[in-house]
2 protein chains.
Amino acid sequence: MTVTIRDVALRAGVSKTTVSRVLNGRGELDERTAERVRAVIDELGYVPSARAVAFARGSTRVVAMLLPSLAWPWMGEVLQAAVEVVEDEGYGMLVFTTTQGDESMRRFGAHVSARAFDGLLVVEPEGQLDYIAQLHDQGLPVVLIDDRGHEPRFPSVTTTNRVGALAAAQHLLSLGRRRPLVVTGEPRFGCIGERLAGFADGYRAAGVELDPALRVEGDFTYESGQAAAVRALEAGLEFDSLFAHNDVMAAGAMTVLRHAGLRVPDDVAVVGFDDLPAAAQCDPPLTAVHQPIREMGATAARMLLANFAGDPLPSAPTVLPTSFTVRASTAG
Amino acid sequence: MTVTIRDVALRAGVSKTTVSRVLNGRGELDERTAERVRAVIDELGYVPSARAVAFARGSTRVVAMLLPSLAWPWMGEVLQAAVEVVEDEGYGMLVFTTTQGDESMRRFGAHVSARAFDGLLVVEPEGQLDYIAQLHDQGLPVVLIDDRGHEPRFPSVTTTNRVGALAAAQHLLSLGRRRPLVVTGEPRFGCIGERLAGFADGYRAAGVELDPALRVEGDFTYESGQAAAVRALEAGLEFDSLFAHNDVMAAGAMTVLRHAGLRVPDDVAVVGFDDLPAAAQCDPPLTAVHQPIREMGATAARMLLANFAGDPLPSAPTVLPTSFTVRASTAG
DNA sequence: CTGAAAGCGCTTACAG
DNA sequence: CTGAAAGCGCTTACAG
């Protein structure tokens with residue numbers, strides 16, 4: 001049989017109330033009594049039932065994270081970072097993915113309604129931003145990890161897309177590259193506009209107006225990076241560098257460039273965005289704007305936990321700075 | 001105020017018992033009564049509290065997964081597959097990682113003791129196989145997803161390492177490659193022995209005894225794949241093909257080969273193991289033994305859920321077959 | 001077919 | 001400093 005608070009109370013000769021107090025360090029209590037209770041707890045190997053505590057307290061000590069497919073490397077990174085923070089506080093992390101579309105959301109909604117967790121972390125909630133906002137308005141603590149520039153009406157953590165892209169421009173300029181091909185993500189995302197603007201800012205500051213023809217749209221996939229490079233080459237575009245809006249497209253593009261006989265970085269210097277671990281494993285290793293993915297996940301989780309402890313969630317987005325990692329794809 | 005079973009009972013003019021019955025479809029009940037109760041449930045938007053149900057039933061409808069860092073691509077795949085299965089049954093998935101070593105295990109142990117979930121999925125429990133076995137012996141439903149050949153004393157799902165490696169050998173032989181360099185993982189893992197044996201089997205069947213000198217040890221990382229290739233080249237080893245015990249080492253090795261002026265597949269045909277999505281994004285795209293990672297995750301999750309429903313967990317490992325994916329790294 | 005009542009294992013005013 | 005008692009919101013024998 002599993003030991004309960006009652007067993008401990010009986011054995012220690014105190015009330016359950018007292019045991020509960022030493023467990024939670026609440027209320028003044030005679031240090032000797034506490035000592036005795038602790039001894040019994042150890043002796044019996046007593047651990048409070050998570051179910052009973054959750055029920056009695058009305059909170060679960062569990063936070064949920066809603067994200068698209070975990071099969072994307074970016075997701076593993078944020079999740080990992082958030083899990084670590086949450087675990088440190090003894091909380092559990094419940095994960096939900098949206099790979100099944102509406103069906104996923106229906107299932108997720110059931111857990112929300114059942115109040116199966118105390119707070120929520122969200123990543124890339126394409127199409128359900130309104131639903132999430134509604135949950136937030138209904139009182140569920142929510143923090144969005146906003147890598148797509150959604151700028152929602154509820155708490156979020158994001159990064160400096162514009163400044164990051166500016167750094168990419170400055171780096172390429174410092175290498176004398178004045179005709180960069182830009183491989184963008186889907187323009188409907190706010191971050192794409194920011195990255196384009198920041199990049200243009202950098203060139204404009206050096207007196208270079210970017211040629212709109214040197215812009216190809218991708219969709220963040222490897223294949224779209226390849227396709228973008230193919231289109232640019234077939235169109236006979238002339239470029240001495242390439243700035244892709246994520247690492248993966250940069251990698252796809254580099255493969256195409258190499259097969260076309262172009263050398264990276266000699267003929268084309270390449271810069272990515274994200275700086276995931278795989279960036280270092282490209283050939284050549286990829287220079288990239290470093291997005292603080294882990295910090296974003298950890299910060300969002302910390303905000304949520306602080307909120308449980310009584311701190312209000314900041315209404316303005318929390319912005320974490322990008323940095324810039326130089327590797328062989330630009331640094332010969 | 002959130003609506004409870006009491007509100008529904010009152011409004012429908014029945015007892016809480018009856019409401020509970022229509023909720024759980026248990027016991028015979030007048031269809032008209034049930035209909036009326038359902039109407040009230042809809043009207044009030046009633047959803048049973050997950051906390052209260054878990055407490056009353058003594059089970060949580062949550063399964064946990066313990067895995068090493070989520071930052072490894074393999075992990076995202078298994079997790080994703082398991083999450084989908086679990087979500088389909090309305091269960092939640094709690095994730096724990098072991099990136100913090102003993103501290104992680106201590107925290108995880110606290111959740112186990114608190115009976116915070118009904119069953120456990122484990123991946124690569126290096127060093128804590130005994131602890132997990134102990135949990136299993138104490139009655140916690142556990143399934144190991146065994147990609148490392150641990151062959152534990154409790155339920156597990158694994159794949160055909162030996163047969164997979166055999167297929168790699170046959171493929172290389174069909175290409176006329178008789179001097180394969182083998183880049184292994186750490187030999188302490190059972191799967192490595194099996195992959196070596198299966199590969200040797202294939203060659204032996206063709207009358208070729210593999211040269212033990214043509215074996216270099218790696219540790220499953222990209223860098224170790226590079227290092228292995230460097231060592232082989234520096235040692236002046238002659239090989240016309242390369243079989244790496246995972247994709248990532250194959251990718252690392254390919255980079256080194258290319259920089260050494262060797263062409264893949266013309267000079268060296270390369271085969272990996274795992275066939276993660278990234279294999280298709282190598283240059284050239286990587287031929288690989290396909291490990292059924294997703295099926296392994298899904299199967300393990302299904303076994304656990306079936307066990308909750310009363311099915312016994314199989315005592316022998318459940319073995320899922322590998323397949324073989326041919327791409328340009330061997331198929332010029 | 002339906003309900004009253006006990007029970008799941010804690011926490012938390014309230015009283016002393 | 002400590003305890004008796006109510007309460008959290010369900011499920012489940014048991015009785016009818």
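Comparing C/dT11, D/dC10, C/dG9 by their closest approach to the side chain of A/Val53 singles out C/dT11.
Contact annotation: side chain of A/Thr33 to base of D/dT2, donor-acceptor pair absent below 3.5 Å. Counting atom types as modelled, A/Arg21 pairs a side-chain N or O with a base atom of D/dG3 as donor and acceptor under 3.5 Å. You'll find a donor-acceptor pair under 3.5 Å spanning the side chain of B/Thr17 and the base of D/dT12, going by distance alone.
In this structure, A/Val62 and A/Tyr91 approach most closely via the heavy-atom pair N-CD2, 3.6 Å.
Taking only side-chain nitrogens and oxygens, A/Ser20 never comes nearer than 4.0 Å to OP1 or OP2 of C/dC10. Look at B/Ser15 and you won't find any side-chain N or O under 4.0 angstrom from OP1 or OP2 of C/dA4.
With contacts defined as side-chain heavy-atom distances shorter than 4.5 Å, the pair A/Leu79/B/Leu79 qualifies.
Rounded to an integer number of Å, the gap from CD1 of A/Ile41 to P of C/dC10 is 10 Å. For the pair B/Arg6 CZ and D/dG9 P, the interatomic distance rounds to 10 Å; values are reported in whole Å. Summarising the geometry, the separation between CZ on B/Arg51 and P on C/dG9 is reported as 18 Å, rounded to the nearest angstrom. For the pair B/Leu29 CG and D/dG16 P, the interatomic distance rounds to 21 Å; values are reported in whole Å. The separation between B/Leu10 atom CG and D/dC10 atom C1' is 16 Å, rounded to whole Å. Note: NZ (B/Lys16) to P (D/dC14) measures 19 Å, nearest angstrom. If you take CZ of B/Arg57 and C1' of D/dG9, they are 12 Å apart, rounded to a whole angstrom. One interatomic measurement links the two molecules: CG of B/Asn24 to P of D/dA13, which rounds to 13 Å at whole-angstrom precision.
Under the 6.0 Å distance and 45° angle rule, A/Arg51 does not count as a cation-pi partner of B/Phe55.
Base pairing annotation: D/dA4 forms no Watson-Crick or G-U wobble pair, as no partner gives both donor-acceptor distances under 3.5 Å. For C/dA13, there is no paired nucleotide, since no Watson-Crick or G-U wobble pair has both relevant distances below 3.5 Å.
Between B/Ala56 and B/Asp30, it is B/Asp30 whose nearest contact on DNA chain C lies nearer the 5' terminus.
Remark: ring of A/Phe55 overlaps the six-membered base ring of D/dC8 in a stacked fashion, centroids less than 5.5 Å apart, planes less than 30° apart.
A donor-acceptor pair shorter than 3.5 Å can be found between the side chains of A/Gln80 and B/Thr99. Using modelled atom types, one finds a donor on one side chain and an acceptor on the other under 3.5 Å when comparing A/Arg115 with B/Thr2.
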